[in-house]
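Here's the structure, in structure tokens; my notes come after.
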2 protein chains.
Amino acid sequence: MSLLTLLAFLGACAAAAATGALFSPGSWYRGLDKPAWTPPDWLFPVAWTLLYLAIAVAAWRVAYSGAAVVPLALAVWACQIALNAIWTPVFFGLRRLRGALVILAFLWLAVLATLVCFLAADVLAGLLIVPYLAWLSYAAALNLSVWRRNPDERAIQPSEQVLD
Amino acid sequence: MSLLTLLAFLGACAAAAATGALFSPGSWYRGLDKPAWTPPDWLFPVAWTLLYLAIAVAAWRVAYSGAAVVPLALAVWACQIALNAIWTPVFFGLRRLRGALVILAFLWLAVLATLVCFLAADVLAGLLIVPYLAWLSYAAALNLSVWRRNPDERAIQPSEQVLD
């Protein structure tokens with residue numbers, strides 16, 4: 001099990017994680033009407049760091065499992081990390097609450113497919129995906145609630161914006 | 001070679017491609033000082049459609065090649081698609097010309113690693129990555145030139161913006 005492979009999976013997660021720093025919540029997010037069960041801000045980076053580590057290690061284990069499902073398993077893993085990378089820019093960058101929810105729905109399905117494939121290849125790898133799917137379910141409920149509580153929130157069109 | 005696997009690789013590309021529609025160039029991009037060798041706007045979606053198809057088929061071939069390098073090859077492929085997905089939001093969404101160039105540098109290296117791994121697994125798959133690396137080299141030169149020609153261009157901080 002090459003360490004380079006683990007580093008490459010971690011690199012994919014780092015690219016997705018970078019959006020969290022680039023598109024930070026800020027005052028706009030604080031001003032949104034959010035449900036009482038919204039987690040505190042500090043929990044997001046902590047949770048995501050652990051989840052990214054878990055899914056990178058899971059992919060690494062599956063990649064060397066020798067199971068017949070490996071090609072499909074790694075393809076759906078790639079699909080979920082690409083979807084994961086675009087959610088933050090759409091939510092915090094464009095402020096498209098509904099568009100972000102659509103992406104989250106695709107992401108949730110891709111992670112469910114990853115979970116099923118990983119379980120077939122390596123049970124521990126599959127279990128490492130479970131917290132991720134659970135967190136995404138919570139995030140989807142939160143995204144849905146925020147969208148419904150802020151019906152007048154308008155999407156940003158970067159192309160139409162005036163600087164300053 | 002399962003068609004589902006090809007669809008999952010195409011799904012990863014579709015997620016990255018979606019950023020092109022979500023973060024469209026618009027008047028800000030038109031107003032930038034660009035070099036004479038900037039391609040016409042219509043060429044971008046045409047080129048990217050062909051490139052995404054090529055890299056999805058390449059990954060599909062490699063996934064079933066049975067080569068020892070498959071785990072590393074698919075891990076670097078996942079890394080490059082995640083980096084690919086965040087370039088557009090950073091360039092067109094945040095208008096961070098330098099930040100986008102940094103991402104493009106990492107993306108270029110990840111695609112070079114993908115090319116090397118793919119060539120070792122399947123020559124045709126490796127060749128399918130060559131146009132992508134060539135296009136990224138061109139895109140990096142363009143990104144660099146636009147950054148240097150527009151030194152006063154300021155990055156957007158979505159969190160600090162006022163809606164309308």
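Note that the structure is predicted; figures quoted are calculated from it, not measured. Just so it is clear: chains get the letters A, B, ... in the order the sequence lines come, proteins before strands, and each one is counted from 1.
Cluster membership check: B:L74 shares its hydrophobic cluster with B:L6, using side-chain heavy-atom separations under 4.5 Å among Ile, Leu, Val, Met, Phe, Trp and Tyr. With hydrophobic clusters built from ILVMFWY side chains whose heavy atoms lie under 4.5 angstrom apart, B:I55 shares a cluster with B:V46. Taking hydrophobic clusters as Ile, Leu, Val, Met, Phe, Trp and Tyr residues chained together by side-chain heavy-atom distances below 4.5 Å, B:L10 does not share a cluster with B:L4. In the hydrophobic cluster analysis, where Ile, Leu, Val, Met, Phe, Trp and Tyr join through side-chain heavy atoms closer than 4.5 angstrom, B:L119 is grouped apart from B:V116. Note on B:L94 and B:W87: same hydrophobic cluster, where clusters join Ile, Leu, Val, Met, Phe, Trp and Tyr whose side-chain heavy atoms are under 4.5 Å apart, directly or indirectly.
Nearest heavy atoms, B:V90 versus A:L22: CG2-CD1, 3.6 Å. Taking both residues in full, the closest heavy atoms of A:G11 and B:C79 are given as C-SG, 3.6 Å, listed atom of the first, atom of the second, then distance. Closest approach of B:A15 to A:A82, counting heavy atoms only: CB-CB, 3.9 Å. In terms of heavy-atom proximity, B:A63 sits nearest to A:P71 at O-CG, 3.4 Å.
With chain B as partner, the option from A:W60, A:F106, A:F9 having the largest number of non-hydrogen pairs under 4.5 angstrom is A:F9. Contacts with chain A were tallied for B:A78, B:A75, B:A8; B:A75 has the most, counting heavy-atom pairs under 4.5 Å. In terms of heavy-atom pairs under 4.5 angstrom with chain B, the leader among A:V76, A:I86, A:I81 is A:I86. Of the listed residues (B:L72, B:L83, B:L7), the one with the most heavy-atom contacts under 4.5 Å to chain A is B:L72.
The number of heavy-atom neighbours closer than 6.0 Å to CZ of A:R149, taken from other residues, nucleotides and ligands shown, is above 12.
Of the two parts of A:S2, neither the backbone nor the side chain holds a non-hydrogen atom closer than 4.5 Å to a non-hydrogen atom of chain B.
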